[in-house]
Amino acid sequence: MTATELAADEAALPSHARSRFARLLPQDPALRRLSVITLINTAGNGLSMTLSVLFFTRILGFGVAHVGVVLTVAGAFGLAAGVPAGWLSDRFGPKPVLVVLLVVQGVCAVGYVLVRDLAVFAVLACLLAVADRGGSAVRGALFAEVLPVDGRVAGRAYLRSVTNVGISLGTVAAALVLQLDSRGAYLTALLVDGATYGVIAAMYLLLVHVPPRTAEQTARTKAEGGLAAVLRDGRYLAMTGLNAVITLQFVMIEVGVPLWVVRETDAPRWMVAGALLVNTALVIALQVRATRGTEEVGAAARIFRRGALLVAGSCAVLALAAGLPGWAAALVIAAGVGLQALGEVYSQAGAWALGYDLAKEHAHGACQGVFNTGMSGAMMVGPVLITSVVIAHGPAGWLLLGALFAAAGVGMTMLVRR
């Protein structure tokens, strides 16, 4: 779809609808196309995220422990995929590499329909994790190529808001499957998820134009070392590590808060879903605004620190919920999750800016691969950390986690200042 076609579509709408439509959509044609692709992709992701574990256990009959082991091993394979995928992106261009990885994801998602034994499930899960985490790194490199330099961070913020909308739509669709609770419903959902990968692979090929790599760019990548140069860049590796610490907030909200609500407070159990809804709504509403002022490296580091300190404060607030009456605990948890969401949008905006600004311009694939590997590592070790340290030690555990977040925020400004 061209910019002219998009404008014609808007012109066909009534004036009042057109003004609202224009406010919701980005002006950049490339970002508009990426937004549509992201919405389709994440709606499928929301469907599979909600249903996959239940499909493996309830429909296929695999034991919960077996599924847990397979998914943990798959996570380790995914962790190792980011850097090689980024290297391939720099060598062959991000679009062809991403399209191949999307096709692999689609084949694996559809392949789940045919699974009958644990070994096949394990192979498909590992391949899917490799393609998913590798694709995340390559997408970051593709955004760097497609979006204007001064619009990369705002563009990623907009796409992240779209991501939350898409996952929410997928989750709503999954609720219908859960209500039907039949093998046919689960299989249909998996086939729909697999089809979305094929659709977006075609859309990337047909609608997203990536400037071809010049001979000069290729020669510079080879001359300056590409991946090897990134791995020798102590500042970029340190920034990646500090961002990995902040990434633990996602495990905190997905694992820590539900366990805290149900096991250690008198808040009503529906607050588990309520907390996730508060987080999602605030991220959708505020993520783009949080990118303002991230154009300069020092400012981006300070915005990252602001987000880290807000997340640290949310840990202290959540710790207060223990021992309170149910209604008071619910209010405190809502306040804590609200603070975390504010911290999330600021820390993510700062991290994206630093991930691009401190990267080597000739090796965005390798840099994004390293950057995403740090986040994947945090997501892999996070559940053990949250359960064994934070939940196990109650309010003191929450305060310790908050101190870790605060240290990461302060450390980022010190790193950039040096």
Side-chain angles (χ1 to χ4, degrees), residues 1 3 6-7 10 19-42 94-95 98 136-168 204 207-211 239 243 246-247 249-250 279-308 310-311 341-359 361 364-365 367-368 371-372 375 409 412-413 416:
M1 183 177 289
L6 286 168
E10 287 184 28
S19 62
R20 289 196 296 268
F21 188 69
R23 283 198 298 270
L24 290 173
L25 291 175
Q27 296 300 310
D28 182 69
L31 184 56
R32 289 191 183 199
R33 295 165 192 165
L34 291 173
S35 300
V36 175
I37 292 171
T38 299
L39 184 65
I40 295 171
N41 187 22
T42 53
K95 187 162 81 169
L98 181 57
S136 181
V138 176
R139 261 190 297 272
L142 183 139
F143 295 158
E145 302 258 358
V146 170
L147 300 175
V149 173
D150 59 354
R152 288 171 180 168
V153 177
R156 287 199 70 163
Y158 186 87
L159 293 174
R160 187 158 186 268
S161 294
V162 173
T163 294
N164 279 272
V165 173
I167 289 176
S168 299
Y204 271 117
L207 299 180
V208 178
H209 172 68
V210 179
M239 182 275 296
N243 181 60
I246 292 299
T247 302
Q249 68 181 299
F250 299 114
N279 173 273
T280 301
L282 288 176
V283 170
I284 291 172
L286 301 176
Q287 185 64 80
V288 175
R289 297 182 186 180
T291 65
R292 295 171 183 169
T294 59
E295 295 81 7
E296 189 266 324
V297 174
R302 289 191 292 274
I303 288 173
F304 180 93
R305 180 183 62 189
R306 180 191 307 165
L310 284 168
V311 177
L342 288 175
E344 179 181 332
V345 297
Y346 282 119
S347 60
Q348 288 293 283
W352 292 329
L354 294 169
Y356 284 127
D357 290 343
L358 299 183
E361 195 64 31
H364 271 294
C367 288
Q368 290 300 310
F371 188 73
N372 278 273
M375 293 191 291
M412 189 68 83
T413 54
V416 171

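Excluded from the calculations below are hydrogen atoms, water molecules and symmetry mates; all remaining heavy atoms, backbone and side chain alike, are included.
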Applying side-chain contact (heavy atoms from CB on, under 4.5 Å) between I284 and each of V288, T280, L282, report the one that passes. T280
Closest non-hydrogen atom pair between T294 and A300, with its separation: O-CB, 3.9 Å
Do V36 and L207 make a side-chain contact, defined as non-hydrogen atoms from C-beta onward lying under 4.5 Å apart? no
Rounded at 0.5 Å granularity, tell me how far OG1 in T42 sits from CG in N164. 8.5 Å
Rounded distance (nearest 0.5 Å) linking atom CZ of R160 with atom OG1 of T38: 13.0 Å
Drop me the distance from L358's CG to M239's CE, to the nearest 0.5 angstrom. 5.0 Å
Distance, nearest 0.5 Å, that separates CD1 of I37 from OH of Y204: 5.0 Å
Go through the steps to decide whether F143 and L34 satisfy the test side chain to side chain contact (heavy atoms under 4.5 Å, CB included), and finish with yes or no. CA-CA 9 Å; F143 295 158; L34 291 173; 3.9 Å; yes
Here's a test for you: under side-chain contact (heavy atoms from CB on, under 4.5 Å), which of L159, V165, T163 qualifies with L39? V165
So do the side chains of V416 and F304 get within less than 4.5 Å of each other, counting heavy atoms only? no
Would you name the heavy atoms of R292 and I303 that are closest together and state the gap between them? O-CD1, 3.5 Å
Just wondering, do M375 and F250 contact through their side chains at under 4.5 Å, heavy atoms? no
Using a 4.5 Å cut-off on heavy atoms from C-beta on, say whether the side chain of L342 contacts that of L286. yes
Pairwise distance OH(Y346) to CZ(R302) - rounded to 0.5 angstrom: 14.0 Å
Identify the heavy atoms of V345 and V283 that sit nearest to each other, and give their distance. CG1-CA, 3.9 Å
Are the side chain of E145 and the backbone N or O of L142 linked by a donor-acceptor pair below 3.5 Å? no
Gap separating the OG atom of S35 from the CG atom of D28, nearest 0.5 angstrom: 9.0 Å
Which heavy atom in E344 sits nearest to a heavy atom in V311, and how many Å separate them? N-CG2, 4.0 Å
Please report the closest heavy-atom contact between N41 and R139, naming both atoms and the distance. ND2-NH1, 4.0 Å
State whether the side chain of Y356 and the backbone N or O of H364 hold a donor-acceptor pair below 3.5 Å, judged by distance alone. no
Q368 and A137 have their tightest heavy-atom pair at CB-O, 3.5 Å
